[in-house]
Structures are given as C-alpha cells and as structure tokens.
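Data first, discussion second: the structure below is written as structure tokens.
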Amino acid sequence: MDAHHSPFFACRPLAFGGNMFFLFVFGNTLEREVGSKKTAAAFFTGGILAFLFSVFFYNPDTPLLGASAAIFTLTAIVMLMKPLKFSFLFLMPQGLVAILYFIYNVAAVYFEVQGNVAFIAHIIGFILGIPFGIAWSKDWKKNAYLP
C-alpha cells in the first residue's frame with residue numbers, strides 16, 4: 001500500500017469530516033459494547049480486507065483512499081448488536097442509519113454513480129462487519145428480525 005492506495009486516509013476535508021462523524025457515532029456505540037481492543041480489531045480488519053477485496057473492482061490507476069470502508073464494518077456490527085440505539089446526531093436509530101446508508105451505496109453501484117466515492121468498498125466493508133456482529137451479539141437474530 002502506498003499513499004495513493006490506503007484504507008486509512010481521506011483526500012478531501014468533507015470526506016474526512018463525514019468519516020469522523022460516522023466513526024464518532026458508531027465507534028463509540030461499539031466501543032461501549034465490546035471495548036476498545038475489539039473495536040480497533042474490527043476497524044483495522046474491515047479496512048484492510050475491504051481495501052484488498054475492492055481493488056479487483058477498480059482500475060489499477062484509481063487511488064483508493066479513506067477509512068469509510070472500515071467505518072462501514074463498524075456500522076454493520078452496531079446494526080446487529082444495538083440496532084435501536086438512538087442517535088441524537090442522526091435523529092434516528094443507528095441500525096436504521098446503517099441500513100439506509102448501505103442501501104444508498106448499493107443503489108449508487110447499481111445506477112453507476114460516478115465520483116470519488118468507493119461505493120463498492122463501502123459495501124464490502126459492511127459485509128465484512130456482519131460476521132463480527134454475529135459473533136459478538138447473542139441477540140443478533142432478534143436484532144436482525146430473523147426467526
């Protein structure tokens with residue numbers, strides 16, 4: 001990985017601010033549930049693996065920067081652990097925020113939205129968070145509304 005291909009940097013101030021906002025909300029919730037070591041392990045595992053898996057979907061000349069895929073890993077975990085945890089910053093439950101933002105990214109890929117956002121990496125990061133959420137939540141089936 002070099003400076004143009006890194007899962008832990010943001011190239012624009014707005015992207016950095018958005019990442020920090022989501023990390024503040026979802027990272028704090030997850031850290032309260034599982035502790036800082038597990039939160040950090042999920043963040044770095046999700047970020048590195050999402051980066052490695054997503055390079056297959058992008059042109060080799062495309063710079064991949066940002067922690068958003070790693071943060072998406074945390075959102076999926078929170079969705080399965082504390083879906084009804086209300087966020088006063090989003091004015092809705094965090095599980096709903098996670099689902100809506102996931103759907104937005106899937107729609108962006110489907111409709112081939114162009115720009116500087118790695119929507120596929122976000123989706124991969126989210127999917128990578130699901131096994132963590134299953135492993136760390138004794139109520140994941142109930143939280144996911146599965147029988």
Could you state whether [X] and [Y] fall into the same hydrophobic cluster, counting links through intermediate Ile, Leu, Val, Met, Phe, Trp or Tyr residues with side-chain heavy atoms under 4.5 angstrom apart?
{"X": "Met79", "Y": "Phe86", "result": "no"}
{"X": "Phe51", "Y": "Phe56", "result": "yes"}
{"X": "Ile124", "Y": "Ile103", "result": "yes"}

Side chains of [X] and [Y]: closer than 4.5 Å at any heavy-atom pair?
{"X": "Glu33", "Y": "Trp136", "value": "no"}
{"X": "Phe24", "Y": "Met20", "value": "no"}
{"X": "Val78", "Y": "Lys85", "value": "no"}
{"X": "Ile130", "Y": "Ile134", "value": "yes"}

Out of Ile123, Ile77, Leu49, which residue meets the side-chain contact (heavy atoms from CB on, under 4.5 Å) rule with Leu128?
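Among Ile123, Ile77, Leu49, the one meeting side-chain contact (heavy atoms from CB on, under 4.5 Å) with Leu128 is Leu49.
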
To check you understand the geometry: which heavy-atom pair defines the closest contact between Phe43 and Ala67, and what is its length?
CZ-CB, 3.9 Å

Nearest heavy-atom pair of Ala50 and Ala121: which atoms, and what distance?
CB-O, 3.9 Å

What orientation do Phe90 and Phe21 show, parallel under 30°, tilted 30 to 60°, or perpendicular over 60°?
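Perpendicular.
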
Hey, what's the ring geometry for Tyr104 with Phe119, parallel, tilted or perpendicular (30° and 60° as the breaks)?
perpendicular

Would you compute the distance between atom [atom1] of [X] and atom [atom2] of [Y] and round it to the nearest 0.5 angstrom?
{"X": "Met81", "Y": "Leu74", "atom1": "CE", "atom2": "CG", "result": "11.5 Å"}
{"X": "Leu96", "Y": "Gln94", "atom1": "CG", "atom2": "CD", "result": "11.0 Å"}
{"X": "His122", "Y": "Thr73", "atom1": "NE2", "atom2": "OG1", "result": "10.5 Å"}
{"X": "Leu89", "Y": "Phe22", "atom1": "CG", "atom2": "CZ", "result": "11.0 Å"}
{"X": "Leu30", "Y": "Ile71", "atom1": "CG", "atom2": "CD1", "result": "12.5 Å"}
{"X": "Thr75", "Y": "Leu23", "atom1": "OG1", "atom2": "CG", "result": "11.0 Å"}

Pair Ser87-Val97, side chain to side chain contact (heavy atoms under 4.5 Å, CB included): steps then yes or no:
CA-CA 9 Å; Ser87 169; Val97 173; 5.5 Å; no

Go through it in stages, so that I can follow the logic: the residues are Phe72 and Tyr101, the test is side chain to side chain contact (heavy atoms under 4.5 Å, CB included), and I'd like the CA-CA distance, side-chain angles, deciding distance and then a yes or no.
CA-CA 9 Å; Phe72 258 85; Tyr101 208 44; 3.0 Å; yes

